[in-house]
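Comments concern the structure below.
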Amino acid sequence: MTGRSASLAMNANVTRARAVVPAAHVSTQRRSLWLVVLLAVLALLVAGSIAIGTRDVALEDIWLALSGQVDSIGQAAVSVRIPRTLLAVLAGASLAVAGTIMQGVTRNPLADPGILGVNMGASLAVVVGVVWFNIDSAQAFIWVAIGGAACSAVFVYTIGSLGRGGATPLKLALAGAATSIALSSLVIAFVLGRNDIAGGLRSWQIGGVGGATFERMEHVLPFLAVGFAISLLSARKLNALALGDEMAAGLGERVAWARAAAAFGTVLLCGATTAICGPIGFVGLVVPHLCRLLIGIDHRWLLPFSAITGACLLLLADIVGRIIARPSELDVGIVTAFVGAPFFIWIVRRQRVRDL
Amino acid sequence: MTAAAFQVEAIASSRRKRQTRRRTVLIAATLLLVAMFVLALMLGQSFTPPGNVIRVLLGQDVPGASFTVGKLRLPRAVMSILAGLSFGLAGAAFQIMLRNPLASPDIIGISVGASAAAVFAIVVLSLNGPLVSLFAVLSGLGVALLIYGLSFRNGVAGTRLILVGIGVSAMLESFIAYTLSKAPAWNLQEAMRWLTGSVNGAQLSQALPLLLALLVFGGLLLSRSRDLEALRLGDDMAAALGTDVPRTRALVIFAAVGTIAVATAVTGPISFVAFLSGPIAARMVGAQGSLLIPAALVGAALVLIGDYVGQFLLPGRYPVGVITGALGAPYLIYLIIRVNRTGKSL
């Protein structure tokens, strides 16, 4: 009797163990599967972004344009779409990675470079630089934007962690959102006085990828590369941080250092992206949540997945923006806000009352 | 016995003192506002002597002044005052009702909702006049209900309401941008009006509906000011004092949204006027008595001054919303710092 029950228990244990092992196994399979799916979606969207636009272009014109010809209007239109597509991929990837890191570092499901005011800080810094200090080189734009992003990140985090309880998600989000609103008013005030500013008012208030050129992108590539590298290297540290500061310290992680390094990567990504696109919000909020649903919480996988998904999301938003407002087009920042804001509200609703 | 009587006498005298102070401040503020109104009619690109201004106001034809004062400055100043009164009044009502200065209609998305409806009615449905206002009022109410419903979860908590409101505003602003991009003649002037508010191109014909709405909705709000004061002490306390809390709340939301939506349908959501007026008024009159009328006066002054600064004191011309926006931004940040530091939701 006892022997039987013991063996039953053992059987149960074995089944449980089996249930765990295949699950882990499937998980890798599942990740690979999703990776293939996402890459396929990305390829499709890239093709779509080149083919679809405000103007309908015949297929042969698209081919000719891809081989570098710009004779007809159609070909010229397509040749503008090529850098634009590339920029959407880069910007989407960097914003999504930045969002993932922010959510990891602050352990805050509401973190996003747009919501926490980092992008608006970069934008305001560039605008102030142009209006007061007459900066005009692309290189200067990027440095100033990165400086602005860093300042606003530190500022928002400091305000958000004042008082009892430290940086709770809702306090941080409130601090970020308010800072963002405030900075956005200042951006309008600065830009309106100077109608000659590159791209005009809208591009520094609402981000878009419409003005992309290969030349402008060349300048940000090194910054983005460094940003991505730092981000990917901090994946393991983020996993440790997710266990809580004490636990991470116990695992031999230097917590403050890990945070600072990851934050630096984020600031590089956000600053460089905002310097050429303007502030784009909500991509960094939505993408990490989606990716976590797909492949779990391991940052070593989460970061690359976020990059791909972010690129997909921004491309899709850009394509939608070109279609729905014909004959004009909508900046991608408008589309992402429309999609991302309901998501933001949903997460706010899920937060427990204790945090309020 | 005598000690108690003495105490009663002391309390009564200090209350009388505060009431006197409140009355003095209110009278001074009203006089100041009238002075600003007259100044706004006199000053501009060129100076118009007060005598000419009065003659124009009396309907006489004064060469050189009739057009500048009667057609340019007067509509602008009247509209600034009416819109400012509306924004200040409704903003303070919301802040008192929700016991949180951040819960003003321009931060939680109600003004943006009215603005989105106005843009939609004008651009897509080609409506004008009172129909636009009606549209704005209905959509403002809809947005208010939506935000309230979305943030309801075991009661409405302040921070959640504000964050939900910020999310809703982000969507509505996108909607405004989308609608404007579909407009046949997109221009920056119009866009600025619907995004930050402006009294450019104001006409006297717009003033009457605004005045009517202010009288009806504003009157309704003022008639509830006692209950609003009670709500300031908390829902339970207000109920204990005999206030019908749900009814008061519903009435105040209705009246405040009505006030703000009609004004927004004409001037756009003038940034942060609703948000700033209440706290400034509280500083001026102290905690004694209702804040509604002082806040309305402050709102009118803010819009008048903001419009003058934006037009004449800066290089380049700015719509009034940009000026009030730049003024409100630092205060918003200061408020967040204070809220976090004291650990209360105020």
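Chain identifiers are assigned alphabetically (A, B, ...) following the order of the sequence lines, protein sequences preceding nucleic acid strands; residue numbering begins at 1 within each chain. All values derive from a computational prediction rather than experimental measurement.
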Taking all atoms of both residues into account, what is the closest heavy-atom pair of [X] and [Y], and its distance?
X	Y	result
Ala177(B)	Ile334(A)	CB-CD1, 3.3 Å
Leu332(B)	Ala178(A)	CD2-O, 3.5 Å
Ala170(B)	Ala337(A)	O-CB, 4.2 Å
Ala182(A)	Ile333(B)	CB-CD1, 3.8 Å
Ala341(A)	Gly167(B)	CB-O, 3.2 Å
Ser185(A)	Ala329(B)	CB-CB, 4.5 Å

Quiz item: Tell me, do Val335(A) and Tyr178(B) make a side-chain contact under 4.5 Å, heavy atoms counted?
Solution: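 They are not in contact (no side-chain heavy atoms under 4.5 Å apart), so the answer is no.
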Practice problem: Could you tell me whether the side chain of Phe272(B) reaches within less than 4.5 Å of the side chain of Ile181(A), counting heavy atoms only? | Solution: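 Sidechains of Phe272(B) and Ile181(A): in contact.
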Which portion of [X] sits near chain B, non-hydrogen atoms under 4.5 angstrom:
X	value
Ile115(A)	neither
Phe343(A)	neither
Leu174(A)	both
Phe338(A)	both

Once you round to the nearest 0.5 Å, how far does [atom1] of [X] lie from [atom2] of [Y]?
X	Y	atom1	atom2	value
Met171(B)	Phe282(A)	CE	CZ	9.5 Å
Ile188(A)	Ile323(B)	CD1	CD1	11.0 Å
Leu330(A)	Ser174(B)	CG	OG	8.5 Å

Self-check item: Residues that Phe135(B) engages under ring pair (Phe, Tyr, Trp, His ring centres under 6.0 Å), provided they are two or more places apart
Solution: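 Scan of Phe135(B) (ring pair (Phe, Tyr, Trp, His ring centres under 6.0 Å), adjacent residues dropped) gives none.
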Quiz item: Side chain of Arg160(B), backbone of Val348(A): donor and acceptor closer than 3.5 Å?
Solution: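 Not at all, since once roles are kept as given, no pair shorter than 3.5 Å links the two residues.
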Practice problem: Identify which part of Thr196(B) has an atom lying under 4.5 Å from any heavy atom of chain A, answering side chain, backbone, both or neither. | Solution: side chain
Self-check item: Under 4.5 Å from any heavy atom of chain A - which part of Leu195(B)
Solution: neither
Exercise. Among Leu183(A), Thr179(A), Ile324(A), single out the residue with the greatest number of heavy-atom pairs under 4.5 Å to chain B.
Key: Ile324(A)
